[in-house]
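Predicted, not measured: the structure shown is a model, and the values here were computed from it. One is the number of the first residue; the rest follow in order along the sequence. As the structure lists them, so they are numbered: ligands from 1, and atoms in each ligand from 1.
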Amino acid sequence: MKTVLVLNGPNLNLLGSREPQVYGTTTLAEVEKLCASACASHGLALDFRQSNHEGVLVDWIQEAGKLLAAGSLAGVVLNAGALTHTSIALHDAIKGTGVTLVELHISNVHARESFRHHSYISPAAKAVLCGFGVQGYALAIAGLAGLAV
Ligand code: CA2
């Protein structure tokens, strides 16, 4: 069984507790359950993580690269949070490992402040999904399942 790695960046541990008008009221623990159910329905295993630290996310993408080399990675779903708009290190990690990665945002970043319109992740990603709320995580997993067959 192949694994989907779902990675969440800075402040996403606060999901459901603040800014509900932007991010909704679902908590990250509930998002993990939603992802587990999506993975189960596609015959995939889930590895779900969150970190507030850029280097930790880089380490995890490198870990995904090792799973890819071992033939056991379906792909990565990455909500890099605000690091989306700043991190060349994450861009380099994705490019360097060659993992199939979906860039995911809960909100429609293009309908928000202009500093959210640029992403360092997008040029290295297979696909980009934003604006579907937390349901976007399930859609991203379905997309990876379709690519993995
Ligand atoms: O829409 C998204 O998923 C974002 O990746 C969320 C990031 C933001 O910086 C990106 O531009 C778009 C922010 C994550 C912080 O999440 C919070 C959730 C609840 C309360 C406070 C922060």
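Linking ILVMFWY side-chain heavy atoms closer than 4.5 Å, directly or via other members, places Leu12 and Trp60 in two distinct hydrophobic clusters.
To the nearest 0.5 Å, atoms CZ (Arg49) and CG (Leu28) are separated by 13.5 Å.
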Practice task
In sequence, state the C-alpha distance, the side-chain angles, and the governing distance for Thr84 and Ser119, and then conclude on side-chain contact (heavy atoms from CB on, under 4.5 Å).
Solution key: CA-CA 5 Å; Thr84 303; Ser119 166; 3.3 Å; yes
Problem - Check against side-chain contact (heavy atoms from CB on, under 4.5 Å), Ile94 and Val76 - result: CA-CA 10 Å; Ile94 299 161; Val76 178; over 6 Å; no
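Of all the heavy atoms in Lys2 and Leu73, the pair that sits closest is CD-O, 3.8 Å.
Side chain to side chain, Asn8 and Tyr137 meet the donor-acceptor criterion of an N or O pair below 3.5 Å.
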Ligand 1 N/O to protein N/O, distances under 3.5 Å:
from: ligand 1; atom 1: 1 (O); to: Ile106; atom 2: N; distance (Å): 3.2
from: ligand 1; atom 1: 1 (O); to: Ser107; atom 2: N; distance (Å): 2.9
from: ligand 1; atom 1: 1 (O); to: Ser107; atom 2: OG; distance (Å): 2.6
from: ligand 1; atom 1: 3 (O); to: Asn79; atom 2: ND2; distance (Å): 2.9
from: ligand 1; atom 1: 3 (O); to: Ile106; atom 2: N; distance (Å): 2.7
from: ligand 1; atom 1: 5 (O); to: Asn79; atom 2: OD1; distance (Å): 2.8
from: ligand 1; atom 1: 5 (O); to: His105; atom 2: ND1; distance (Å): 2.9
from: ligand 1; atom 1: 9 (O); to: Ala82; atom 2: N; distance (Å): 3.3
from: ligand 1; atom 1: 9 (O); to: Arg116; atom 2: NH1; distance (Å): 3.0
from: ligand 1; atom 1: 11 (O); to: His85; atom 2: NE2; distance (Å): 2.7
from: ligand 1; atom 1: 11 (O); to: Arg116; atom 2: NH1; distance (Å): 2.9

